[in-house]
Amino acid sequence: MNAATLYGLCSAALVGLGLFGAIVHPQPLRKILAFNLLGGGVFLQFGVIARRGAAAGMGGDPVPQAMVITGIVVAFSATALAVTLLLRLYQVSGSATLSIETQSSSESDGGGR
Amino acid sequence: MRVLFDSFTVLAVSAGAVFFLAGTVGLLRFPDSLSRLHALTKADNLGLGLVVLGLLPQATGPLVALKLITVWLLAQLAGAIVTQLVARAVRRENQEA
Amino acid sequence: MTAAMVLDVGLALLVVAVAVWIVAAGSAFAAVVGFVSFGLLLALAWARLAAVDVALTEAAIGSGVTGALLMTAASRLRPTESRSAGERPGAFLHVVAAVLAVLVSAGLAALVLIPASPAPSLAPAAAVHLPELDVLNPVTAVLMAYRAVDTLLEKIVLLLALIGVWSLAPDRFWGGAPGLWPRSRPDGELTLLARLLPPIGIVVGIYILWVGAIAPGGAFQGGAILAAMWLLIMIAGLRPVPEIHRQWLRLVLVVGPAVFLTVGFAGFFLPNGFLSYPAQFTKPLIIVIEVVLTLSIAAILGLLVAGPPERERQR
Amino acid sequence: MATSWRMPMATDSRNLLAGATTRAAGFCVLWLVLAGYSLGDLPAAAVAVAGATFVSLCLLPPGRWRVSPLGVARLALRFPGQAVMAGVDVARRALDPRLPLRPGFVTYAPRLPPGSARDGFCALASLMPGTLPVGTNEDGTLLVHCLDIGQPAAAQLAAEEAVFMRAVRDG
């Protein structure tokens with residue numbers, strides 16, 4: 001087994017872990033974290049493809065690498081927007097939950113700050 | 001001469017690794033957060049210092065050697081400041097509790 | 001097993017272990033701390049895959065800037081944590097999620113274990129035009145020349161995200177200054193760091209940008225370092241967070257994408273059309289675009305971490 | 001504290017010039033350390049050094065610290081030995097099966113007035129054997145965490161502060 005295959009298996013595990021966390025965690029912030037984990041796994045998968053495409057004197061195929069750099073920045077933008085939405089939800093409703101029952105009960109007791 | 005330099009590198013880097021190990025052992029064994037901070041900063045700083053010292057004879061020129069030393073100095077600065085920030089946060093939490 | 005293999009196996013196991021910790025940790029703050037170290041370990045994995053450009057980006061943006069953002073959010077949302085503990089889904093959903101996750105992982109693992117042969121690669125195609133571009137780092141060449149339209153759109157995404165973040169502010173704060181940290185009194189040590197480190201960070205950031213043409217580095221990595229320095233100065237309270245209505249601020253935010261677009265449209269007068277560079281000016285043009293992009297990236301990243309305005313506009 | 005980005009108003013323009021020159025020289029060395037020597041790098045190096053010097057002068061106006069080269073040299077020579085002692089001390093305690101620790105707090109009244117020179121001293125003290133400044137008490141003394149309160153921490157800190165004060169003071 002070479003390094004590319006090893007990190008490929010690692011990335012597969014990361015995607016699974018991220019997916020599991022994003023589904024079962026009730027807190028939105030933990031979902032965002034799990035989503036980033038999932039993204040990290042997908043990016044690493046690109047890295048494996050890039051490494052296997054090493055040719056023409058390059059250590060890896062530069063095209064997937066450039067796409068991952070773009071991806072990391074876009075993932076950060078999405079995370080920043082999601083976090084801000086979450087903080088705003090907390091600001092107006094006094095809670096940061098996606099559950100409908102809890103949300104309506106906190107609205108009825110005034111919530112907010 | 002080369003052999004002398006290489007054995008010095010092996011010796012110093014290994015010694016550095018021992019201090020990193022000791023710092024990690026301290027991090028796991030020490031009883032409270034503040035004591036653990038001591039283990040982390042002091043043992044690891046010395047460990048990094050020894051690794052840098054060991055790599056100096058392998059440097060291809062004075063600029064590379066200076067680069068290694070710069071890395072160590074920046075790690076010292078960051079370590080010293082961050083340790084105090086964490087210590088302050090620990091103290092604040094203890095006061096609140 | 002060789003020493004390099006031992007290192008790779010250890011690193012891969014550590015990455016997965018930290019990922020498990022992020023999913024399983026008791027508090028969100030602990031999970032975020034785990035996420036920052038996860039990013040740094042992942043950067044090492046990228047370096048082991050001979051993708052140093054990505055390793056730098058992952059360390060600076062994936063771990064550093066994202067970590068700063070999530071850490072603020074975790075400390076602000078701490079009061080909501082205990083309540084959501086009661087909302088944990090039941091055992092059934094856990095099992096379904098676990099089965100789904102295992103299936104997806106197994107599918108990806110199978111793809112990894114049964115690779116396409118020969119491995120698809122665009123590296124030879126990318127190498128063909130490197131000499132005429134005069135850019136020795138193939139990743140920078142892809143970002144700035146071959147796939148420049150991706151890079152341009154990504155800048156627009158960054159700008160749109162910032163507009164989205166700003167527009168989440170309550171109306172009365174529109175045009176005011178972002179709140180950044182909920183901290184009134186600056187700590188002494190932090191102020192010391194904020195006095196000493198930023199000049200060093202500026203030299204390092206500009207170096208990383210400059211070296212991007214021939215070695216790993218470039219606008220994103222350099223911009224992220226500059227953004228971190230700016231944030232450090234603002235968090236320590238040495239300089240105020242700018243109010244978002246400022247003309248100069250908005251100019252800095254759009255100058256990178258604007259110059260990129262202008263050069264792109266100027267390409268219509270050339271044989272290859274949109275986003276192609278005139279042959280004899282390729283390298284200078286790429287450098288000019290990279291410099292202004294770095295400025296814009298640094299400002300946008302910093303302001304995305306700073307968040308929406310939380311103070312009223314000063315008259 | 002928060003002011004705009006403007007060059008500091010130096011009471012003494014010679015002071016400003018001297019400060020700017022030494023710092024610019026330092027950043028030049030940093031650039032050379034990073035990039036090596038190449039004439040083609042000149043434009044980037046010039047921008048980096050000029051930017052860094054400007055920001056440095058804004059954030060830490062010259063004259064704010066009085067630095068004595070001789071004192072700094074003495075401090076720098078002393079530092080590696082102290083780092084070794086600190087590391088060996090912690091490593092010995094961590095690896096000893098009996099875990100010989102007597103953690104506790106000591107208050108220390110520094111002679112340095114509050115300010116960035118004192119912050120610098122605190123940062124240095126946190127790298128010294130057995131001591132870790134945790135914060136400032138209400139009466140202005142420092143609260144220091146020690147790994148072993150049996151050690152003469154206060155005397156050690158006083159010696160360290162004396163060396164530090166000969167190197168750097170608030171101007």
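Computed from a predicted model, the values in this text were never measured in an experiment. To find a chain, count down the sequence lines: A is the first, B the second, and so on, and within it residues start at 1.
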D:Thr53 and D:Arg23: side chain donor to acceptor below 3.5 Å: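 No - no donor-acceptor pair under 3.5 Å links their side chains.
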field: Contact listing (chain D partner; residues 197-204 of chain C; heavy atom under 4.5 Å)
entry: C:Pro198, C:Pro199, C:Ile200, C:Ile202, C:Val203, C:Val204
field: Chi angles and distances behind the side chain to side chain contact (heavy atoms under 4.5 Å, CB included) call for C:Leu231, C:Met234
entry: CA-CA 5 Å; C:Leu231 281 168; C:Met234 294 191 294; 3.9 Å; yes
message: Treating C:Gln221 as the side-chain partner and C:Asp53 as the backbone partner, does any N or O pair qualify as donor plus acceptor under 3.5 Å?
response: yes
Ring-face cation of C:Arg313 near C:Phe173 (centre distance under 6.0 Å, axis angle within 45°):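 C:Arg313 over C:Phe173 ring: no.
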message: Assess the residue pair D:Glu160 and D:Gln82 against the criterion (side chain to side chain contact (heavy atoms under 4.5 Å, CB included)); give the C-alpha distance rounded to whole Å, side-chain angles, the decisive distance to 0.1 Å, and a yes or no.
response: CA-CA 10 Å; D:Glu160 206 55 50; D:Gln82 296 280 35; 2.7 Å; yes
- request: Report the relative orientation of the aromatic rings in D:Tyr108 and D:Phe121; use parallel for angles under 30°, tilted for 30 to 60°, perpendicular for over 60°.
  value: tilted
